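Everything numeric in this text was worked out from a predicted model, so none of it was measured. Every chain is numbered from 1, with letters handed out A, B, ... down the list of sequences.
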Protein chains: 2
Amino acid sequence: MNVTPQRIAIYRALVESTAHPSPEMLFNEVSRSMPSLSLATIYKTLETLEGIGLVREIPVTGDRKRFDAIVENHHHLICNACGSVGDYHDDALDQLPPRRRLGGFIPQSVSVNISGLCPSCRDGNSH
Amino acid sequence: MNVTPQRIAIYRALVESTAHPSPEMLFNEVSRSMPSLSLATIYKTLETLEGIGLVREIPVTGDRKRFDAIVENHHHLICNACGSVGDYHDDALDQLPPRRRLGGFIPQSVSVNISGLCPSCRDGNSH
DNA sequence: GTAGTTGCAAATCTTTTGCGCGACA
DNA sequence: TGTCGCGCAAAAGATTTGCAACTAC
């Protein structure tokens with residue numbers, strides 16, 4: 001696997017972002033410093049990075065995929081009003097993979113989404 | 001809001017299904033007994049039912065939306081191999097909404113996804 | 001009778017794919 | 001010089017929308 005400027009820039013943007021960006025958000029961000037970048041490259045690169053375990057798609061409702069650089073155990077705060085996704089750390093949640101029987105299902109990872117209102121939307125800011 | 005045969009059939013199919021169906025899966029199911037049904041009606045009805053709190057979209061990765069009739073507190077087992085979605089009940093998880101500070105975020109609900117291998121895929125069945 | 005709903009078809013939007021060119025080993 | 005990755009444009013899918021006919025109430 002080659003290390004290319006596009007892959008570096010896309011991965012770096014993902015690491016530095018707190019927004020859990022969609023492919024288009026990443027495209028808008030990275031394009032600024034790399035105007036020739038294409039959206040198709042974003043998609044291909046995300047797939048590649050996901051394949052080697054540097055990146056994951058996060059489970060959210062809504063129209064677009066959202067991605068996260070895999071840094072450590074953490075979960076997500078999802079705003080029901082504006083759709084923003086924030087990080088949430090809690091040691092208790094990291095111990096989740098459950099003691100109870102799962103009927104033959106083999107657990108590999110746990111993802112917790114806490115839905116609600118982000119501070120901005122709570123205060124009545126229009127999106 | 002009117003009670004129509006389409007709405008009854010779609011909601012009923014969702015309640016009776018354990019598959020957490022996508023709109024197309026619902027369409028395939030309900031069409032069998034209601035051949036005139038259109039996929040657009042599935043989408044419109046799901047949005048309507050979601051609006052009145054009978055149905056929710058569940059947060060999953062992948063290409064299609066998945067829906068759930070809201071019955072009680074429960075969470076989901078998601079197969080990394082075949083994409084199937086099963087239910088998982090655990091009282092401990094129902095108490096989750098966290099004690100820790102959320103930095104101004106107002107929690108309203110919690111969704112837990114346990115990803116792994118379903119019994120069928122564990123045993124090496126090809127999807 | 002009227003407002004709300006359906007089914008169809010077209011439109012929109014997101015994501016994927018095919019392919020020729022260029023970069024790098 | 002062969003392989004891999006990029007950008008472009010087209011394709012594929014999923015979801016949404018506009019609208020005329022129809023139905024629940």
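Protein atom CZ of B:R7 is 12 Å distant from nucleotide atom P of D:dA24, rounded to whole Å. The distance from atom CG of A:L37 to atom P of D:dG5 is 15 Å, rounded to the nearest whole Å. A:K44 has its NZ atom 9 Å from the P atom of D:dG7, to the nearest Å. Here the C1' atom of nucleotide C:dT5 and the CD1 atom of B:I42 are 14 Å apart, to the nearest Å. Rounded to an integer number of Å, the gap from CE of B:M34 to C1' of D:dT23 is 13 Å. When rounded to the nearest whole Å, the span between CD of B:E47 and P of C:dG4 equals 15 Å. Here D:dC4 presents its C1' atom at 15 Å from CD1 of A:I52, a figure rounded to the nearest Å. Computed from coordinates, the B:L39 CG to D:dG13 C1' distance equals 11 Å when rounded to whole Å.
Using a 4.0 Å heavy-atom criterion, one finds that B:S36 contacts the sugar-phosphate atoms exclusively. A:K65 comes within 4.0 angstrom of the backbone, heavy atoms only, and of no base.
Close to D:dT15, at under 4.0 Å from its OP1 or OP2, lies a side-chain N or O of B:Y43. When the side-chain nitrogen and oxygen atoms of A:T4 are compared with OP1 and OP2 of D:dG5, none of them lie within a distance under 4.0 Å. Between A:R64 and C:dC13 there is no side-chain N or O to OP1 or OP2 distance below 4.0 Å.
Between A:R122 and B:F105 there is no side-chain heavy-atom pair separated by less than 4.5 Å. Side-chain contact between B:D87 and B:V71: absent, with no pair of heavy atoms (C-beta onward) separated by less than 4.5 Å. With contacts defined as side-chain heavy-atom distances shorter than 4.5 Å, the pair A:E72/A:H89 qualifies.
Inspection of the B:D68 and B:H74 side chains reveals an N or O donor paired with an N or O acceptor under 3.5 Å.
Closest approach to the A:Q6 side chain among C:dT6, D:dC25, D:dG7 is made by D:dG7 (side chain taken as heavy atoms from C-beta onward).
In this pair, B:H76 and B:H20 present their aromatic rings perpendicular. The plane angle is above 60°, beyond the 30 to 60° band.
Nearer the 5' end of DNA chain C, as judged by each residue's closest nucleotide, is the contact made by B:T41, out of B:T41 and A:E24. Both B:P23 and B:V3 sit near DNA chain D, but only B:P23 has its closest nucleotide nearer the 5' end. Along DNA chain C, the nucleotide nearest B:N2 and the nucleotide nearest B:P35 are compared for position; the residue whose nucleotide lies closer to the 5' end is B:N2.
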